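Input: a single structure, listed below in structure tokens.
Just the heavy atoms: all of them, side chains too, but no hydrogens, waters or symmetry mates, feed the values below. These numbers were taken from a predicted model, which means no experiment stands behind them. One-based numbering, in listed order, for ligands and for the atoms of each.
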Amino acid sequence: MNKNFIDINNFNKKQIDEIISIAKKIKKNPNKFSTIFKNKTLGLIFEKQSLRTRLSFNVGMQKLGGNVVELNSKDIGFDNKREAPKDVLNVLAQFIDCLMIRNNNHKQLLDLAKLNVIPIINGLSEYSHPCQILGDFLTIQEKLNDIKNIQLTWIGDFNNVLISLLHLQNIYLFKLNVVIPEKIIKLNQKELKKYNNKKLKLLSDPIIGSKKSKCIMTDVWISMGDKNKNKVKYFKNFTVDKKIINSASKDVIFMHCLPAKRGQEVTSEVLDGKKSVVLHQAKNRMFIQQAILIYVLKK
Ligand code: CP
Ligand code: NVA
């Protein structure tokens, strides 16, 4: 069976620890890994925009001695019109060793992974963004050390990044306040019910939710491909600003996967401020992508 990287909840703590540990090793000693993927090629498909994921996979693979080819899914015909996706994948496997896909169709990722032709990596879908949250986990460990006893807070939408964060929380059981507007909670009640443990709290007040928090995390209110643009109106008081940061722990860090809508989910003051670790976060994406690639490709 191929190893895939579709969702964090497909892995156990030992496996996630292993990926994080590989990322730390590469970060510490990149030269040691510079030829590990000689003669290996990674395919990238982006059906939605990307800056960080595109660059971190592309540059990350090259720094491991490998090659990258970016494919346009419409051109190669993943839409089942010209040929079956299985046939496309079987042909791709003659040329590339692994395929990362960003799309708006999580089921397609699962279906392609099931075919067991080459490893499939989820580079963000409408459902989840596991590469992001593993990169963030590395950042949290570097910045805050003791993940077990700290309070994290998510303030914002119920979206793909949050789902991956919930998957991670369910494994590591750190304290997590999830602060979502009441209306958004109602809209996603069925999905939210799946996440239930003592360390997880669901709230609707950003000030209460950020109390004593060591890490405030947010993301855009309207994700790529989200058709419900009207929901912006539910996020009154949800802009992460100085007031919210001040109600958190003194040494709080502010995290955002980026891209950010300045003035909407976060003020420029916070995004550019001293507590913000967003660029550290963006850079860590590369070490995590490299570790994921090693994890799925190494026998
Ligand atoms: N955070 C993130 O995935 O950024 P991109 O959408 O630019 O890849
Ligand atoms: N939730 C955002 C994340 C972007 C990296 C989106 O899906 O647009």
Side chain, backbone, both or neither: Leu258 near ligand 1, heavy atoms under 4.0 Å: backbone
What short N/O contacts, under 3.5 Å, does ligand 2 make with the protein, listed by atom pair and distance?
from: ligand 2; atom 1: 1 (N); to: Asn159; atom 2: ND2; distance (Å): 3.4
from: ligand 2; atom 1: 1 (N); to: Asn160; atom 2: OD1; distance (Å): 2.8
from: ligand 2; atom 1: 1 (N); to: Asp219; atom 2: OD2; distance (Å): 2.6
from: ligand 2; atom 1: 1 (N); to: Ser223; atom 2: OG; distance (Å): 2.7
from: ligand 2; atom 1: 7 (O); to: Asn160; atom 2: ND2; distance (Å): 2.8
from: ligand 2; atom 1: 8 (O); to: Met224; atom 2: N; distance (Å): 2.8

Would you confirm whether [X], through its side chain, and [Y], through its main-chain N or O, come within 3.5 Å as a donor-acceptor pair?
X	Y	answer
Glu265	Phe238	no
Asn160	Ser125	yes
Ser204	Ile180	yes

Pairs where residues 216-230 contributes a residue and the test salt bridge (charged side-chain N to carboxylate O under 4.0 Å, His left out) is met, not counting sequence neighbours: Asp226-Lys231
Positive for side-chain contact (heavy atoms from CB on, under 4.5 Å) with Ile216, one of Val179, Val240, Asn177: Val240
Lys48 to ligand 1, any heavy atom closer than 4.0 Å: no
Test of proximity, Leu51 against ligand 1: N or O pairs below 3.5 Å: yes
Nitrogen or oxygen atoms of Leu124 and ligand 1 under 3.5 Å apart: no
Criterion side-chain contact (heavy atoms from CB on, under 4.5 Å) on Asn122 and His106, from CA distance to verdict: CA-CA 8 Å; Asn122 173 7; His106 194 75; 3.7 Å; yes
Using residues 29-39 as the side-chain source, report each donor-acceptor pair under 3.5 Å to any protein atom, sequence neighbours left out, with the distance given to one decimal.
from: Ser34; atom 1: OG; to: Asn31; atom 2: O; distance (Å): 3.0

Asp205 bridged to Lys211 by N-O distance under 4.0 Å: no
Atom 2 (C) of ligand 1 - nearest protein heavy atom and its distance: Arg285 NH1, 3.2 Å
Identity and separation of the nearest protein heavy atom to atom 4 (O) of ligand 1: Arg52 NE, 2.8 Å
Within residues 78-99 or reaching into it, pairs that qualify as side-chain hydrogen bond (donor to acceptor under 3.5 Å, both in side chains) - sequence neighbours excluded: none
Atom indices of ligand 1 within 4.0 angstrom of Arg102 heavy atoms, with elements: 3 (O), 5 (P), 6 (O), 8 (O)
For Gln132, atoms of ligand 1 separated by under 4.0 Å from a heavy atom: 1 (N), 2 (C), 3 (O)
Step-by-step side-chain contact (heavy atoms from CB on, under 4.5 Å) determination, Trp154 to Val161: CA-CA 10 Å; Trp154 170 274; Val161 177; 3.8 Å; yes
